[in-house]
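Start at 1 and go down the list; that is how both ligands and their atoms are numbered. It should be emphasised that the depicted structure is a prediction, and the values quoted were computed from it without experimental measurement.
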Amino acid sequence: MNENARFVAGTFEHDGVPYANAFNRSLIERPEIVNCREDDVFVASYPKSGTTWTIEMVSLIMNGGNTEINTSAFQQARNPMIEANFILPIWLRCIVHLLKFLKPILPEFIIKLRFIHFLLVMEKAGLESGIGLKQMEKLPSPRLLKSHMPYHAFPSQAIRKKCKIVYVARNPKDIGVSYFYHCSLGVPPLDYRGSWNDFYQLYVNDKVWYGSWFDHVLTWWQHRDDENILFLKYEDMKKDPKAAVKSIADFLDVSLTDDAIDDIVEFCSFKKMKKNENVNLSLAIGDKDKHQFVRKGVVGDWVNFFTVAQNKEYEKIYEERMKGSGLDFEW
Ligand code: A3P
């Protein structure tokens, strides 16, 4: 493996699982510190499973199909990822405020500089004072929160209080490819440097953030029949998004008209989400030409990346790990 391939912003390990340095280490080591409310709703997943898409659907369903909140703020501002821990240092926050003040007189090319633009986007979204635990505490109930933590390391209060949790799973080959692009977006901590082949080695050896896909998905799968857990699959949502919206609405005890369901499906379609600056972070930070956060949205893109040898190796591991689980994926 290429020793130079790495997550530039660094990682730390807990229980043998790597996490980005930008994550909240205290929360990862002690999930009981997360203050959960009984009416909190979570969307949980292994990264790149269609979490953003699911959150968009769940939030619209929770609001009875009203798009006002979704069109007025960044998803990350409305529905924080609880283990994220991004706080701009005070001096940078001062710069953000100065930039906001100077924006009307600054030349366009300065505003378009990637980092300046990023800071202004953070300010506009009200995120410059922090993402994560502090942010979620300020939100009114009922909150819709996001987490990629595995079941055994999930906020214990959420499990004890039986908060509703929508878990979305996706086939691990497409996740591998999507994860590679995600980690290579170029904004810290998404600043992996290396090729797909190097990333594959990290992925297959559980050395990416959140570790093994199998450990993650299978522990949640064991709880699929818990009354407060809804287990969905990305591939099913692609095939029949309307059925996904209906099952989430039933799970959340929300009744929706047929028209409202159609509107939610349409608002959350890949085409619409790709153009939506409130969910496609790449648009907001000005990376219109690079690969994007809302990228391809298909089942089976892995065939364009996995070599024959990689596929053979992965299939073998998949067979061994999934045997007898009753869980299967289309790819
Ligand atoms: P690809 O990189 O394969 O395109 P997450 O939100 O968990 O990070 O998952 C991201 C993946 O979901 C990306 O997959 C992204 O393109 C895809 N995605 C986002 N919105 C989608 C939508 N409305 N329909 C289908 N896929 C979507």
Exercise for review: Establish, for the pair Lys164 and Phe42, whether the NZ or CZ atom is under 6.0 angstrom from the six-membered ring centre and no further than 45 degrees off its axis.
Suggested key: no

When you pair each N or O of ligand 1 with protein N or O atoms, which pairs come out under 3.5 Å?
residue	atom	partner	partner atom	Å
ligand 1	2 (O)	Ser178	OG	2.6
ligand 1	2 (O)	Arg295	NE	2.8
ligand 1	2 (O)	Arg295	NH2	3.4
ligand 1	3 (O)	Arg170	NH1	3.4
ligand 1	3 (O)	Arg170	NH2	3.0
ligand 1	3 (O)	Arg295	NH2	3.2
ligand 1	4 (O)	Lys296	N	2.6
ligand 1	4 (O)	Gly297	N	2.7
ligand 1	6 (O)	Thr51	N	3.2
ligand 1	6 (O)	Thr52	N	2.8
ligand 1	6 (O)	Thr52	OG1	2.5
ligand 1	7 (O)	Lys48	N	3.2
ligand 1	7 (O)	Ser49	N	3.1
ligand 1	7 (O)	Gly50	N	3.1
ligand 1	7 (O)	Thr51	N	2.8
ligand 1	7 (O)	Thr51	OG1	2.4
ligand 1	8 (O)	Lys48	NZ	2.8
ligand 1	9 (O)	Gly50	N	3.1
ligand 1	14 (O)	Arg170	NH1	3.2
ligand 1	14 (O)	Ser178	OG	3.4
ligand 1	16 (O)	Arg295	N	2.9
ligand 1	23 (N)	Cys268	O	2.8
ligand 1	23 (N)	Phe270	N	3.4
ligand 1	26 (N)	Tyr234	OH	2.8

**Study point:** Pairwise ring pair (Phe, Tyr, Trp, His ring centres under 6.0 Å) hits with a residue in residues 18-37, at least two apart
**Key:** Phe12-Tyr19, Tyr19-Tyr210, Phe23-Trp209, Phe23-Tyr210

Practice item. Measure from NZ or CZ of Arg224 to the centre of the six-membered ring of Phe231, then state whether that distance is under 6.0 Å and the direction lies within 45° of the axis. Key: no

Point to revise | Neighbour count above 12 (heavy atom, 6.0 Å) for Glu320 CD | key: yes

**Study point:** Salt-bridge present (Arg78, Glu56; N to O < 4.0 Å)
**Key:** yes

Check your understanding: Mind checking whether Ile116 and Phe101 sit in one hydrophobic cluster, side chains of I, L, V, M, F, W, Y counted as touching below 4.5 Å?
Key -> yes

